Each structure stands twice: as C-alpha cells, then as structure tokens.
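Working notes, beginning with the structure itself.
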Amino acid sequence: MRTFFLIAAFRLLSLGVTSASSCKCTPSDSCYPTQDEWSSFSQNLSQPLITNQRPLGASCYQNSTDYDSTACSVATANQYSEDFRAASSNALIWVNFEALITNDSIQACPVTPESGGTCNQGRVPVYSVNATTVEDIQNTIEFAQQYNLRLVVKNTGHELGGRAFGSEALELYVHYFQGIDFVDTFVPEGCSSSDCSWTAITVEAGAQWGDAYTTAQQNNRSIAGGFVPYGSVGAGAGWSLGGGHSPLSPFYGLGVDNVLQYTVVLPNASYVTVNAVQNTDLFWAMRGGGGPSFGVTTSVTYKTHPNLPITGAFYEASVNSTDAYLELLELWVSYHNRVADAGWAGSWPFVADTGLYLTLITLGAPPNQTANETLQGFFDESAEIPGVNVTLGLTVQYPDFYEWYYDNLVDSSMGYGLNYTAGLLAGVNIVGSSWLVPRDVFDSNGTALATALANLTSASPLYVLVGGGAVAEVDPDSAAVTPAFRRTISDIETFLTFETDNTTTAATFQQQMTEVHDQYAPLRELAPAPYGGQYYNEPDLLETDWQIAFWGSHYDRLLAIKQEIDPNDLLLVRKGVNSEGWDDELLCKED
Ligand SMILES: Cc1cc2nc3c(=O)[nH]c(=O)nc-3n(C[C@H](O)[C@H](O)[C@H](O)COP(=O)(O)OP(=O)(O)OC[C@H]3O[C@@H](n4cnc5c(N)ncnc54)[C@H](O)[C@@H]3O)c2cc1C
Ligand SMILES: *[C@@H]1O[C@H](CO)[C@@H](O)[C@H](O)[C@H]1NC(C)=O
Ligand SMILES: *[C@@H]1O[C@H](CO)[C@@H](O)[C@H](O)[C@H]1NC(C)=O
Ligand SMILES: *[C@@H]1O[C@H](CO)[C@@H](O)[C@H](O)[C@H]1NC(C)=O
Ligand SMILES: *[C@@H]1O[C@H](CO)[C@@H](O)[C@H](O)[C@H]1NC(C)=O
Ligand SMILES: *[C@@H]1O[C@H](CO)[C@@H](O)[C@H](O)[C@H]1NC(C)=O
Ligand SMILES: *[C@@H]1O[C@H](CO)[C@@H](O)[C@H](O)[C@H]1NC(C)=O
Ligand SMILES: *[C@@H]1O[C@H](CO)[C@@H](O)[C@H](O)[C@H]1NC(C)=O
Ligand SMILES: *[C@@H]1O[C@H](CO)[C@@H](O)[C@H](O)[C@H]1NC(C)=O
Ligand SMILES: *[C@@H]1O[C@H](CO)[C@@H](O)[C@H](O)[C@H]1NC(C)=O
Ligand SMILES: *[C@@H]1O[C@H](CO)[C@@H](O)[C@H](O)[C@H]1NC(C)=O
Ligand SMILES: *[C@@H]1O[C@H](CO)[C@@H](O)[C@H](O)[C@H]1NC(C)=O
Ligand SMILES: *[C@@H]1O[C@H](CO)[C@@H](O)[C@H](O)[C@H]1NC(C)=O
C-alpha cells in the first residue's frame, strides 16, 4: 500500500500537469491485469504464459526461495555462452541490459552472488510469452493493447542498447520461431511481373545466422549475413530491421537490400505480408527503421547468391611506439578506399599503441590481380615504417564463404585472423558506440582521421569494412536505413566489455559510457550527421541527436509511418522511432 502510494506520487510529480494516462500500466496501477486476467490470457496461448520469471542468476541465491543448486550449476556453467543466453527468455547477451542502472543505483542479479547479496529483478520481465505461433503474437499484442502494457520483444538478446528487455514489461519471446526454408523460385506475394522470381531463403524470426549459413551451403548458395561469432546473432529479426551489414555486403548489398519480403504482426494485431508491391510504406520503414518499431516480424525472406570461392587475407603488425602506431594508421587510412575498391571486405581492428589486424576477404580464389597488388602494396609499404613489425601477411583460399566463416567465426584454432570467438564473451557488461565515416573523409582528412582513430583507446575495437561496392550503388532513398551507409565503406564500431565486481558502481557505467562517447567526438566532427551517422543496431546511448544520427533525412517519413501504424505507442524502444519524450524505460511520457 505504501509502495503504491509512493510510486503514484512520484509519477504525478514527474508527469507535471499531464494525466497519468500517458504512462503504461504497471503492477502498482489498478489498470494492470489481475491474476485471473493473466490466467485467461495464458489459456489463449499455445503454451502456458511464463509467470514470475526471475533473472538467470536467481537460483544461485542461497537464502532465497529461488535457490536451486541444480539450476544454479547450469546457470554458472553457461553464463558466458551466447547460445545459452539466446535460448533463455530471462537473459540477454549483455548483463548490464538485464540490470536496472540509474545514476545512483544498480539493481542486478549476478550469477555469482556476493555473500549476503539479493537477486534484484532489474529489467527482466516478470511475464513472458514463449511464442510459437502467429496467433500467440496476435494474442499478446491484443492483450498488451487492451491493458496498456509495455511490451518488449526478445529474440537472441544480442542487441547493444537494452532494447529487448524492459522494467515492468510483458515480454514476447520469439526465439522458437526457428524455421529456415530454402526456395528455388520465390515470388513475393502479389508480384506478377516476369522479373520477380528469386532463389531465396526464408528465415523465421528466431533463426540464427549459423543455421541460415548451413542451409545456404547445403543448397550451394551464399547469403549476405552477419559477421558473428558462432553465427549466434539472429537472422530474422533485429539485424535486418536495423540495416544488417555483412562481409559480403560490398558484393551483394546491406541486409535491407537483400530482403524480398517480411511477414509481420502489426500493432493492431493484423498479420500482413510486406514487400515491394504490397504494404510498400512498411517495406520501406522496416528496412532500417529498427526492430520492433513497426511490428513483430515472424519471417524474412532474403535473396541468395552464387557460392563463389573466397580468398581470405590476414595481416598483423605490432608497433614499438606511439609514432609508429600513428604512422601505420595513417598509411592504412590512405590505402583504405583503394583496398575496398579493389574488392576487399572484412574487419580491421587495431589495439591502442599495439598494432593493426586485418581479416579481409574477396570473391575469387586466387583473387584478381588488382586485389592482390593493392593489398600487397599496403603489406609491403607498412613493413617499411620504422618501428612497425609485420608479423603476419597471409592469404588463404577457401572453396566458399561457409568455409571461411567456419574457420574464422566458429573454430579459430588456426591461430590467425580476428580470433573473434576467443575475444568476445557473452555474459559480461558492454558499452558501445559506432560511427559511419563516409569514404571521402579517408581521402580528404586522412591525417585527422588517423589521429581520431588513435584516440579510441578504451574499448575493444572492431572496425568493419562492409560498405562501398554494391552498398553504394543502391538508391539511398529506397530503404529507411540512413543514407550515410551509402557513402560509407567502414563502420567504426567499438565495444568495451567488462565484468562487474564489488567495486562497480552506477558511476562506473556512466564513466565508461561517457569515455567511449567522448572518444568518438573527433569522428563526429569529421563527419557530422547526417553526412556521417550511427548504426541503429550499434547505438551509443549517450547520442543526443540520435534521430539524425540513425536515419538522417529519413526520420520524418519514418515518424509519420510510425504514428499511423502504432498510434498507441505499443512498440517503443530506447532511441527508437517516436520514443521522444518517454523515460529511459519507456513507461511514462514526460511531456
Ligand atoms: C557479437 C555481435 C556481432 C554482431 N555482428 C553484426 C554484424 O556483423 N552485422 C550487423 O549488422 N550487426 C551485427 N551485430 C548487431 C546486431 O545486428 C544487433 O545486435 C541486432 O539487433 C541483433 O538482433 P537479434 O534479433 O539477434 O537480437 P535481439 O537483441 O533479441 O533483438 C534486437 C532488437 O530487435 C527487436 N526484435 C527482436 N525480435 C523481433 C521481431 N521478431 N520483430 C521485431 N523486432 C524484434 C528487439 O526488441 C530488439 O530491439 C552484432 C552484434 C553482436 C553482439
Ligand atoms: C482470448 O482470445 C479470444 C479470442 O481471440 C479473445 O476474444 C479474448 O479477449 C482473449 N482473452 C484474453 C484474456 O486475452
Ligand atoms: C544522470 O547523470 C547524467 C550525467 O551525469 C545526467 O546528464 C542526467 O541528467 C542524470 N539523470 C538523472 C535522472 O538525474
Ligand atoms: C544466509 O543467511 C544467513 C543467516 O542470516 C547468513 O549468515 C548467511 O551469510 C547467508 N548466506 C548467503 C549466501 O547470503
Ligand atoms: C519455450 O518453448 C519451447 C518450444 O516449445 C520449449 O522447448 C522451451 O522449453 C520453452 N521455454 C520456456 C522457458 O518455457
Ligand atoms: C578486380 O576486382 C575489382 C573489384 O571488383 C575490379 O574493379 C577490377 O576491375 C578487377 N580487376 C581485374 C584485373 O580483373
Ligand atoms: C599476392 O600474390 C602473391 C603471389 O601469388 C602471394 O604470394 C601474396 O601472398 C598475395 N598477396 C595478397 C595480399 O593477396
Ligand atoms: C622502434 O624501432 C625502430 C626501428 O627498428 C627504432 O629505430 C626505434 O628506436 C625503436 N623505438 C623504440 C621506442 O624502441
Ligand atoms: C617481430 O615480431 C616477431 C614475432 O613476435 C619477433 O620474433 C621479432 O623479433 C620482431 N622483430 C622486430 C624487429 O622487433
Ligand atoms: C587465437 O586463438 C588460438 C586458439 O584459440 C590461439 O592459439 C592464438 O594464440 C590466438 N591468437 C591471437 C592473436 O589471439
Ligand atoms: C570485494 O571482493 C574482493 C575479492 O572478491 C574481496 O577481497 C573484498 O573483500 C570485497 N570487498 C568488499 C567491500 O566486499
Ligand atoms: C579523445 O578522447 C577523449 C576522451 O577519452 C576526448 O575527451 C577527446 O575530445 C578526444 N579527442 C581528441 C582529439 O583527443
Ligand atoms: C577536413 O578537410 C577539409 C579540406 O581538406 C578541411 O576544410 C576541414 O577543416 C577538415 N576537417 C577537419 C575536422 O579536420
């Protein structure tokens, strides 16, 4: 009773003169469903509603009613597994998004409790629908609309801004939509012209890249999908809704350029097919407008491509001084566009004052002469810089993309290349940022850019060369994704991961976020939005003008479509379309 009063009073204060109706219904409100209402909702679902969902670590708290030593052993053994977290409705890949972190408190539930610690619910939804049918999604949307609940959609939970969970929200968990279907002649619904038949793959919302790659390989085709350890990022949801980039993008386009069709449940609970000939506004908006702002996707169909041989190139160089480091970065920046134009894609992380690592691919084995000579030119020239030690400069021929993916992202025991699988852990905290730096900046402001890159010191960097080529040839206004992507070759993305211990405070998170954000200041200055921009799927939570950073000139049209399709603000996410004015947990609109 007392708690209810305090929360209500706080709400009124924070709302000022506006009515409480601009808040979602939460457990302390009389509009929240009763136990009976939850029960009858549960009976409408294909399998029972998950009630009283607790965080992954809850079973490890010895003095609590959640304590369960068997469940705790499972949680402890799997807490760093991406696949385990993707397949758990009560966990995300990154633990800080499970926690409720305000400016002065952290409410979390570490799998390894401190003595005397309690497991806090944080942002883990208490109610979760483990959906397996379209009707489950429709019922859930109707129920959430009826009771004005906050609704969140969780797939793998890889997302980098905490958008798949939310305090006091109802969760729609779509992971068990696992179907993958290869279709020799796919015709988008309603398309009658002669040129609309494609060799395609349809993936349901919960399918993951590793499985999509396997299916493509079995059919001797390739697909432009994510560059992801163990293939664990989702293929059918957040990736393409936010844009979707791939090491094959320079050859075949962004994820959104490869989408032929979506099936989606809209905020009014209707189930529709969206493609280039029907629901065309939605087709434009969903290709880059961000999940789940326009509806809950149940499947996406992608074009497939010939399964060509691939050449991988691996380069590692270390430096003995800051000067050598800067000179190496300057040389790489000066080569960057030429290397891309010669047909190379991939990643180029560098580690502050340590060195540069290239993991690149090109179509064709052996690669064409221009590709070989351009990249070899960089290898050779870099070795001439005093203090630069080129320790690896290797090319490896692969029969197809799948073998390259397997060697680099599933089993990196060969000991060269990005070693992504060894370097990136799930079950830790993450703070990230990204910036799309247009190609011209590499030519016109190379020295300033190299200096700005050298300033990114605090995080695990992962700069991906995923643009140019086919990405640049697409009409920038053909999909919602920011036009900046069309000008950009490399997405400069950075992730700082860290574990929490008893010294971590809310201020620690603020400091880390601020540090990463500030380190990007010179990049923003070199390529201000909307000329440059930020990748919606790699958000910087401190970005202020995020509308322009994520979408540039496309934001106004996105907002208009959003307001029409979701007039009750059912599907809102942090820094998503039409989230202006809402608090950080999207529970109350503040103005
Ligand atoms: C290790 C790692 C590697 C990555 N590599 C790449 C890469 O190579 N290229 C790239 O472009 N991106 C990459 N990303 C970013 C990735 O695209 C995003 O994290 C993406 O949002 C993940 O989508 P998901 O559906 O798997 O995850 P989730 O976190 O479950 O969902 C992501 C967002 O989509 C929403 N959503 C989930 N399901 C649905 C649905 N059915 N309908 C509508 N909305 C839904 C969620 O609410 C959330 O907002 C990477 C991320 C990580 C952590
Ligand atoms: C259950 O489904 C029926 C039919 O779709 C609907 O009329 C009813 O409102 C639903 N009840 C709940 C509690 O969701
Ligand atoms: C939290 O701290 C940040 C940075 O110090 C500040 O900008 C913000 O206004 C604070 N938020 C609240 C709710 O106090
Ligand atoms: C459990 O409770 C007892 C008694 O209050 C306390 O001594 C002990 O430290 C607690 N154990 C844990 C793991 O919190
Ligand atoms: C969700 O549903 C799937 C498919 O029926 C099932 O295997 C899984 O155990 C369920 N998970 C939970 C947490 O209920
Ligand atoms: C090599 O490939 C690049 C990129 O596709 C192309 O521009 C170039 O013309 C090719 N060169 C030769 C010699 O085939
Ligand atoms: C270029 O070709 C030569 C000769 O085959 C080979 O030794 C070298 O590794 C290649 N370099 C690159 C970067 O492709
Ligand atoms: C780095 O190596 C260069 C070339 O070998 C050498 O001239 C220089 O003194 C070295 N610098 C440091 C700081 O070791
Ligand atoms: C370059 O690195 C290799 C491997 O680490 C090392 O053996 C070699 O001595 C280094 N060379 C120089 C000039 O530092
Ligand atoms: C990459 O991983 C392999 C095995 O997992 C390891 O032997 C090797 O040292 C790693 N290389 C780097 C550069 O981290
Ligand atoms: C923090 O943890 C460390 C090691 O786990 C321990 O030695 C220390 O006593 C703890 N400090 C507090 C204040 O709990
Ligand atoms: C470098 O990063 C720091 C934060 O670490 C930031 O304050 C500064 O503005 C950045 N830019 C330059 C050019 O140093
Ligand atoms: C980038 O280069 C242009 C012309 O080369 C120059 O006018 C501009 O000031 C530079 N921008 C920055 C931020 O250095």
Side-chain angles (χ1 to χ4, degrees), residues 42 45-56 58-59 68 71 74-75 78 83-92 124-133 135-137 140 154-157 171-179 204-207 309-321 324-325 328 332 335-336 338-340 342-346 348 351 354-398 404 415-417 465:
S42 181
L45 302 172
S46 65
Q47 46 189 357
L49 176 71
I50 300 169
T51 59
N52 196 28
Q53 172 167 267
R54 293 284 282 148
L56 182 64
S59 59
D68 177 338
V74 173
N78 290 292
D83 271 339
F84 180 82
R85 286 182 169 273
S88 302
S89 61
N90 63 343
L92 300 176
V124 181
V126 171
Y127 291 97
S128 176
V129 174
N130 187 5
T132 59
T133 64
E135 291 72 31
D136 284 342
I137 297 177
T140 305
K154 194 238 162 179
N155 178 26
T156 67
E171 173 186 1
L172 184 50
Y173 179 51
V174 299
H175 175 75
Y176 285 96
F177 280 82
Q178 281 285 334
E204 289 190 329
I310 296 272
T311 299
F314 304 97
Y315 166 94
E316 291 178 18
S318 58
V319 295
N320 75 353
S321 68
Y325 180 60
L328 176 62
W332 167 246
Y335 263 92
H336 174 272
R338 277 180 283 155
V339 166
W344 293 99
W348 48 279
V351 178
T354 303
L356 175 68
Y357 306 81
L358 306 181
T359 297
L360 303 179
I361 66 170
T362 190
L363 294 187
N368 85 21
Q369 201 184 338
T370 314
N372 174 281
E373 285 172 359
T374 309
L375 189 57
Q376 191 62 46
F378 170 71
F379 287 7
D380 294 344
E381 219 177 305
S382 66
E384 303 291 306
I385 299 172
V388 170
N389 186 357
V390 176
T391 53
L392 181 73
L394 179 73
T395 56
V396 179
Q397 294 179 14
Y398 295 94
W404 174 83
Y416 52 78
L465 198 166

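When a ligand or atom number is given, it counts from 1 through the structure's own listing order. Nothing here was measured: the structure is a model prediction, and the numbers come from that model.
- At under 3.5 Å, not a single nitrogen or oxygen of T132, backbone or side chain, sits near a nitrogen or oxygen of ligand 5.
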task: Given side chain to side chain donor-acceptor pair (under 3.5 Å), test E171 with S89 step by step and report yes or no.
output: CA-CA 8 Å; E171 173 186 1; S89 61; 4.9 Å; no

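- Near ligand 9, residues N389, T391 come within 4.0 angstrom through at least one heavy atom.
- In this structure, K154 contributes its side chain and A91 its backbone to a donor-acceptor pair below 3.5 Å.
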Counting only pairs under 3.5 Å, give me each side-chain donor-acceptor contact of residues 378-385, with atom names and distances, residues two or more places apart or in other chains.
residue	atom	partner	partner atom	Å
D380	OD1	Q376	NE2	3.0
E381	OE1	Y335	OH	2.7
S382	OG	Y315	OH	2.8
S382	OG	F378	O	3.1
S382	OG	F379	O	2.9

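- The shortest N/O to N/O separation between W344 and ligand 7 does not fall below 3.5 Å.
- Near Q376, with a cut-off below 4.0 Å to any heavy atom, the atoms of ligand 7 are 8 (C), 9 (O), 10 (C), 11 (N), 12 (C), 13 (C).
- Residues satisfying the side-chain contact (heavy atoms from CB on, under 4.5 Å) test with T311, not counting sequence neighbours, are W344, T362, A365, P367, T395, Q397.
- Across all their heavy atoms, E316 and Y357 have their closest contact at CG-CD2, 3.5 Å.
- If you number the atoms of ligand 5 from 1 as listed, the ones under 4.0 Å from a heavy atom of Q47 come out as 1 (C), 2 (O), 3 (C), 4 (C), 5 (O).
- The shortest non-hydrogen separation linking H175 to N155 is CA-OD1, 3.9 Å.
- Remark: D83 engages S81, Q208, S232 in a side-chain contact (heavy atoms from CB on, under 4.5 Å) (not counting sequence neighbours).
- Between Y176 and Y173, the ring planes lie perpendicular to each other; the angle is over 60°, past the 30° to 60° tilted range.
- Side-chain atoms of D136 do not come within 3.5 Å of backbone N or O of V129 as any donor-acceptor pair.
- The contact set between ligand 5 and N130, taken as ligand atoms under 4.0 Å from a residue heavy atom, comprises 1 (C), 2 (O), 3 (C), 8 (C), 10 (C), 11 (N), 12 (C), 14 (O).
- For the pair S89 and ligand 5, the shortest N or O to N or O distance does not fall below 3.5 Å.
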